[in-house]
Every structure is written in structure tokens, then in C-alpha cells.
Amino acid sequence: MSKGLTKRSENYSQWYNELVVKADLAENSAVRGSMVIKPYGYAIWERMQAQLDKMFKETGHMNAYFPLFIPKSFFSKEASHVDGFAKECAVVTHYRLKNTEGNNIIVDPDAKLEEELIVRPTSETIIWNTYKNWIQSYRDLPILVNQWANVVRWEMRTRLFLRTAEFLWQEGHTAHATKKEAIEETKQMINVYAEFAEKWMAMPVIIGTKSDSERFAGAEETYTIEALMQDGKALQSGTSHFLGQNFAKAFDVKYLTKENKEEFVWASSWGVSTRLMGALIMSHSDDQGLVLPPKLAPFQVVFIPIFKNDEQLAAISERINPLISELREKGITVQFDKRDSQRPGFKFAEYELKGYPIRVAVGPRDLESGQYEVARRDTLEKSFVAEAELVDYIENLLKDIQNNIFNKAKERRETTTQMVDSYDEFKKIIEEKPGFILAHWDGTEETEELIKNETKATIRCIPIEGNKEEGKCMVTGKPSKQRVLFAKAY
RNA sequence: CGGGGUAUAGCGUAGUCCGGUUAGCGCGCCUGGUUUGGGACCAGGAGGUCGCAGGUUCGAAUCCUGCUACCCCGACCA
């Protein structure tokens, strides 16, 4: 399982599939670029889901579910939106198969749909078509709805986790009476994402807005959180869009104000996807495998008994079962690996590969001494801890690991983020020491395009926080209001 | 869709140029034994339409033709 991991660690996507997903679906192009998420990987996604869902509910949202198939006619109402997605839609044209002679299954030509159905690439259109019926008065607003779902985007090129044809995500779609409120919602949700990324994934992010060319199709403003992976490439990890009245106008969603005036509603949408799992893997993993933040690890602690026979195992179990109960009462997730089919050394390596934050080894020797060997995944350090102190020690160590991997990631980002004032220096750094670059830009699409073509670096975002010093564009010398964030991106 | 590459057991591969025993090796898997505090060892064993279709030949993983899929680089993108 771990064969070749060290050598391949520079190319994360090479070993995800050995670790958490199985991607070998396709002899058939229809599932090209999809992925099977294995149980352990899915457990990580469930932890992420649970926390995000909690945060959405704490900010007043409720979950709903809308159909997978969207009639083509819905989809073509918002012009820039359809332009953005038209090239990557899977389309359902028939509803029946037919078994011909020789067991040859074909699509029944008589079963053609009158109107084709689009497999949702995102749900704005079907949701706004529905909101039209939900909204009449200012009393119906705001509508604060989220959906957990799968979507399909027929990308020309796929990358495991980062850009699969089908992916799992959450999409929030809100409707508001005023522009101000919709913008506040948009900003609130990007802050929720940033908090989740930093406090739970232990992944530092930079919040900002997208340039015109990178903005979501149909949005007036796109907020993003941008993270830096260990190889110096940036990953867009979550977005929140202020949609203005674009979808309200396209789907004719109006409400009556207190003054009995008819107005279009204002909208936001926001989402994060299983791409976050890719981000998590690429932020922290090392040559030994995954490193998971304790807050998202499916299991935070694993106990490995070291035994030669059933009597020894029974003696070990008797001593550590009360400890496990005590840990569980504190809300710590614990696994006790009693398998006799693998040797301890194999298990050590296996749990390191899977990123369990803490491993405790207990053998006859330790029962006598009353001290257990505790190993932490982030630093691979081991220490002996007295039985009486173990529960408190683990509780503190989990917090310590969570902080430590965040700080490590942040430090790494800071040492690979540079302020650059000349375009020559920019080109040199992008080539030699990839990472974030803060530089001045004249705000035009032409300059952005030029930089992209010459260096492959793109504007990841226009940061919201930090120094807002004015300056001159590093390419054209024209005035710039603030530095923007550049990087090569996934 | 353009450029490059690859396809041999569950995974990784040798063999292909120059056709010739029963297609070899490592990991993994199964059985037995010895082991068990950092990925155990010994012995035995199972597992292959050599991507698919056609052709050349006494004989094809190997040569020819066509097709398909995957990977990498671009364009596209959560």
C-alpha cells in the first residue's frame, strides 16, 4: 500500500488513490474523471460536512433538496451563466434502453425526450425557478437555503479531488430584499469558509475578491478563499458570490415592498466541494502519508495492543478499556485495533499513512511500568506517559497538534509569499520559487491576460485585509490601488 | 479539441527494436510452520483472452492496419 509513497510525494495526486479513493472506474468514457471515495476518505468528508452544516445553521440557514435534472429551457435564461457552463454540461436525451438481438443494449430511439434535461452543473437555475413561486412579499424574505448534493461538470481535463467530473458539494442560495443585505450575506459566508479552513482544516487562507475574468458566471462580485499548497501552487478553496439581481431578473422573481412597490430580489450563492479534501491532503501530508487535523480526523486516537496470545490481549484490554471509555466521554474518537492478522509494526505504518493524529502502543512491558508510548503524527515524536495522566495528556496533545499543523502551514505560506515590484523579478520568482506574490496591477484584463500568458500565474484574488498602499502596476506602470495576490494555480 | 506518452495478474513492471520453449520478476493474496515493541521469515500455492478488432506468418506480447482507454502538457474549471 505504501510502496513508492516517498518517491511520489511530490505528486500528491499519484497517491491519493492508494490512500483514500479508488478512481479506476472507466473502461467507459461515460464515467471518465469520476471518483469512488473509499470509506475512510468518505469519513473525512462526513466530518467536514458535519462542521460546515453546523456553521450554516448557526448563521440561520436551512437545508433543502432540488432535482438533479434541469430542463434545458430553465438553463438558458441567464445569458452569462449559460455561457459559463454550456461547454461542460451532461445532457439526458432519452429515457429508455432496448435489448436488441444478441443481448445488445441500445438507447431506444423511440424514447427520445421532448425537452432535454441537463444534469445540474450547479443549481442556480432550478432554484431560482422555484423561488419565483416562494416569493411575493418582503415578508417572504430572506430565503436562506443550502443544499448538499452532487453536481456534474464535463471538464476537459480532470484531476482527482481537485476537478472531477462529478463531485460532492454544498451550495447555498439566498434571496434578499436589499442589496446591502445580500452583500452582507455573501461576505458572512466567505468568512464562515475562512473560519472553517483555518480552525478546522488548519489551513490558512487569504480572503479576497476575484478579478473580472475569474468571476463566477452570472455574479457581480465573487469572494474567494485562496490557500497555498506545499508545492507552491494556489488552490481556490471556497467561493461566495453576490449575484445582484441577475437571477431575479432572468427568472422574474419580484416582491412587494412595505410601500407596495414591486422590486426584484437580491441574491447570493456560495459553495465548497470535495476539492477541500484535496486541499487538506496537500496542505499537511508528508512522506509517511496523510496528516489530518484532529478536528477532522475520523478517529483521533488509535490504541495498538502488543500481544503474543489471547491472555496478553485480555490483560491489555482490561487495563485500557476504562481509558478508552474516559476518552470517549470527553468526545474524543478512539479506535482499538485488536487485529491479530497484522503485526504492530505494520499497524504503526498503516495509521501513519492514514493520518491518525495520535497512536498509543500498549504491551506487557507497559502494563508493568504503568507508562504507555504515545506517538504524535504531526512530528512523529514519541513519549512515555503515565497511565494516570494519559487522558489529560491526549486531550491537550490533540489541541497542540491542531495548532501545530496550522502554524506550520502558515509559516510555510509566509516564507513563500513575496512582495514584488518589478515584472522581471516576478517572472524569476514564479519560475524559481513558486508561492504567493503580492504585486501591483493596473486593474485591466489585458495586463492580467498578458501575465497569465507569459508566466502561467493568475490573479488569485484582490485581498480584502492587509496593507492597502497604492502603487504602480509592475507591468504597465499605471496606477494601482493595492497589491493583488498572484500565483500559479491548480 | 491540439501536442507528447502509455496499455502485460489486484498494484508496480521485464520482455517489444531483432517473431521461436510453459510470458519472467517484486509487492499483495492463499496454505502450513516459525514469529510478533517499527511495514517478519521459510516452504508450498493460486492468479494472465499480453487494451480491443482484424491482418501477415508454420508460429505474434513482439510485425502491419484500424479502434478504444488512460496519463502528462495546453485551452476550460469548485
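Predicted, not measured: the structure shown is a model, and the values here were computed from it. Naming: A, B, ... by sequence-line order, numbering from 1 per chain.
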Expressed as a whole number of Å, how far does the [atom1] atom of [N] sit from that of [M]?
N     : M     : atom1 : answer
B:G44 : B:U6  : P     : 38 Å
B:A7  : B:G15 : P     : 10 Å
B:G48 : B:C72 : P     : 30 Å
B:U65 : B:A60 : C1'   : 15 Å
B:U49 : B:G12 : P     : 16 Å

Show me the protein contacts with nucleotides 76-78 of chain B, counting only N or O atoms at under 3.5 Å.
| unit_1 | atom_1 | unit_2 | atom_2 | d |
| --- | --- | --- | --- | --- |
| B:C76 | OP2 | A:Lys452 | NZ | 3.4 |
| B:C76 | O2 | A:Glu155 | OE1 | 3.3 |
| B:C77 | O2' | A:Glu155 | OE2 | 3.1 |
| B:C77 | O2 | A:Arg163 | NE | 2.1 |
| B:C77 | O2 | A:Arg163 | NH2 | 2.9 |
| B:C77 | N3 | A:Arg163 | NH2 | 2.9 |
| B:A78 | O3' | A:Gln236 | NE2 | 2.3 |
| B:A78 | O3' | A:Arg275 | NH1 | 3.1 |
| B:A78 | O2' | A:Arg275 | NH1 | 3.2 |
| B:A78 | N6 | A:Thr164 | O | 2.7 |
| B:A78 | N3 | A:Ser273 | OG | 3.0 |

What is the distance from [atom1] of [X] to [atom2] of [N], rounded to the nearest Å?
X        : N     : atom1 : atom2 : value
A:Phe348 : B:G37 : CZ    : C1'   : 6 Å
A:Lys38  : B:C11 : NZ    : C1'   : 11 Å
A:Arg359 : B:G37 : CZ    : P     : 13 Å
A:Phe346 : B:U35 : CZ    : P     : 22 Å
A:Asn453 : B:G74 : CG    : C1'   : 11 Å
A:Glu381 : B:G38 : CD    : P     : 19 Å

Result block: side-chain N/O donor-acceptor pairs under 3.5 angstrom for residues 355-365 of chain A, not counting sequence neighbours:
| unit_1 | atom_1 | unit_2 | atom_2 | d |
| --- | --- | --- | --- | --- |
| A:Tyr356 | OH | A:Gln335 | OE1 | 2.5 |
| A:Arg359 | NH1 | A:Glu352 | OE2 | 2.9 |

Check your understanding: Near RNA chain B, under 4.0 Å by heavy atom, which residues of residues 294-317 of chain A?
Key -> A:Ile306, A:Lys308
Practice item. For the pair A:Phe303 and A:Phe336, name the ring-plane relationship: parallel under 30°, tilted 30 to 60°, perpendicular over 60°. Key: perpendicular
Exercise for review: Return the orientation label for the A:Phe167 and A:Trp169 ring planes: parallel under 30°, perpendicular over 60°, tilted otherwise.
Suggested key: perpendicular
Point to revise | Under 4.0 angstrom between A:Arg343 side-chain N/O and B:G37 OP1 or OP2 | key: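 Looking at the OP1 and OP2 atoms of B:G37, one of them is under 4.0 Å from a side-chain N or O of A:Arg343.
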Check your understanding: Between A:Lys456 and B:G74, is there a side-chain N or O to OP1/OP2 distance below 4.0 Å?
Key -> yes
Expected list for residues 270-278 of chain A: side-chain donor-acceptor pairs under 3.5 angstrom, two or more places apart:
| unit_1 | atom_1 | unit_2 | atom_2 | d |
| --- | --- | --- | --- | --- |
| A:Trp270 | NE1 | A:Glu185 | OE2 | 3.3 |
| A:Trp270 | NE1 | A:Ser268 | OG | 3.3 |
| A:Ser273 | OG | A:Arg275 | N | 3.0 |
| A:Thr274 | OG1 | A:Leu168 | O | 3.4 |
| A:Arg275 | NE | A:Leu162 | O | 3.1 |
| A:Arg275 | NH1 | A:Gln236 | O | 3.0 |
| A:Arg275 | NH2 | A:Leu162 | O | 3.1 |

Check your understanding: Just the dot-bracket of RNA chain B, please: which string comes out with Watson-Crick or G-U pairs under 3.5 Å, [ ] for crossing, | for another strand?
Key -> (((((((..((((......[...)))).((((((.....)))))).....(((((..]....))))))))))))....
**Study point:** base_contact_polar (B:G38 base, A:Glu350 side chain, donor-acceptor, <3.5 Å)
**Key:**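 No.
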Distance-only donor-acceptor hits, side chain of residues 221-229 of chain A, under 3.5 Å, sequence neighbours excluded:
| unit_1 | atom_1 | unit_2 | atom_2 | d |
| --- | --- | --- | --- | --- |
| A:Thr222 | OG1 | A:Phe216 | N | 3.1 |
| A:Thr222 | OG1 | A:His241 | ND1 | 2.9 |
| A:Thr224 | OG1 | A:Glu226 | OE2 | 2.9 |
| A:Glu226 | OE1 | A:Arg460 | NE | 3.1 |
| A:Glu226 | OE2 | A:Lys210 | NZ | 2.9 |

Exercise for review: Test side chain to side chain contact (heavy atoms under 4.5 Å, CB included) on A:His81 and A:Thr125 and set out the steps.
Suggested key: CA-CA 9 Å; A:His81 187 68; A:Thr125 54; 3.8 Å; yes
